Amino acid sequence: MNILRWDEREDGPFSKDSLKTKLVSLGFAPVEYVYPPGLVFPPHIHHYDKMAAVVSGHFKFTMGGNSVILTTGEAIFVPAMELHSAEVAGNEAVVSLDAEKV
C-alpha cells in the first residue's frame, strides 16, 4: 500500500487547507466529506486513480488483502480498478478529502 504521511519538516504545519494544497500539487482534485461512526464502504473499484486523505478521525482501508488505519494527515493511493473497502474506525466521525486524479 502506498501511504502518504504528513511531515511537518517538509510540509509545514498541518491543516485541512494545507492537505488540500498538497493533494492538488500531486495532480488530484480533493472533495471534503464527513463520514459518521459505523459507516462501511463495501468492496468496490473506481475507474480512476484516487487518494483518500484523513483530516481527522480514523479510517480503515483494506486493499490487496492488507488493512491499515489512517489517521490525521495520512492518505492512501488507490489505483484505478483496484478492489478496496473502507470503514470509519472508532466512535469519531472521519473528515476525509477524497481526491480523484485529474
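In this text the structure is predicted, and so the values were computed from the model without any measurement.
Taking every heavy atom of both residues into account, Ser56 and Thr72 meet most closely at CA-OG1, 3.6 Å. What you find for Leu23 and Ala53 is that their closest heavy atoms are CD1-CB, 4.0 Å. Looking at every heavy atom in both residues, Val55 comes nearest to Phe14 through O-CE2, 3.8 Å. In terms of heavy-atom proximity, Pro30 sits nearest to Leu97 at CB-CB, 4.3 Å. When all heavy atoms are compared, the tightest approach of Pro37 to Gly90 is CB-O, 3.9 Å. Residue Met63 comes nearest to Phe77 through the heavy atom pair CE-O, 3.5 Å, listed as atom of the first residue, atom of the second, then distance.
With respect to the salt-bridge test (charged N to carboxylate O, under 4.0 angstrom), the residues Arg5 and Glu74 qualify.
Residues in residues 36-49 take part in these side chain to side chain donor-acceptor pair (under 3.5 Å) pairs, two or more places apart or across chains: His44-His46, His44-His84, His46-Tyr48, His46-His84. Sorted by first then second residue, the side chain to side chain donor-acceptor pair (under 3.5 Å) pairs that include residues 85-96, not counting sequence neighbours, number zero.
A side-chain contact (heavy atoms from CB on, under 4.5 Å) with Trp6 is found for exactly one of Ser15, Ser18, Pro13, namely Ser18.
Residue Phe41 is not grouped with residue Val34 when hydrophobic side chains (ILVMFWY) are merged at heavy-atom distances under 4.5 angstrom, including chains of intermediate members. A continuous path of Ile, Leu, Val, Met, Phe, Trp and Tyr side chains, each step under 4.5 Å between heavy atoms, connects Val88 with Tyr33, placing both in one hydrophobic cluster. Linking ILVMFWY side-chain heavy atoms closer than 4.5 Å, directly or via other members, places Val78 and Leu83 in two distinct hydrophobic clusters. The hydrophobic clustering, which links ILVMFWY residues whose side-chain heavy atoms are closer than 4.5 Å, places Leu39 and Ile69 apart.
Taking CG of Leu19 as the reference point, atom CG of Leu4 lies at 8.0 Å (rounded to 0.5 Å). Here the CD-CE distance, from Glu82 to Met1, works out to 9.5 Å after rounding to the nearest 0.5 Å. From Ile76, atom CD1 reaches atom CD1 of Ile3 across 5.0 Å, with rounding to the nearest 0.5 Å.
Using a 4.5 Å heavy-atom threshold, the side chains of His58 and Leu70 count as separate.
Lys20 contributes no side-chain N or O that, together with a main-chain N or O of Glu32, makes up a donor-acceptor pair within less than 3.5 Å.
No more than 12 heavy-atom neighbours from other residues, nucleotides or ligands sit within 6.0 angstrom of NZ on Lys60.
Applying the ring-ring contact (aromatic ring centres under 6.0 Å, His included) rule to Phe59 yields the partners Tyr35, Phe61; only residues at least two apart in sequence or on another chain are considered.
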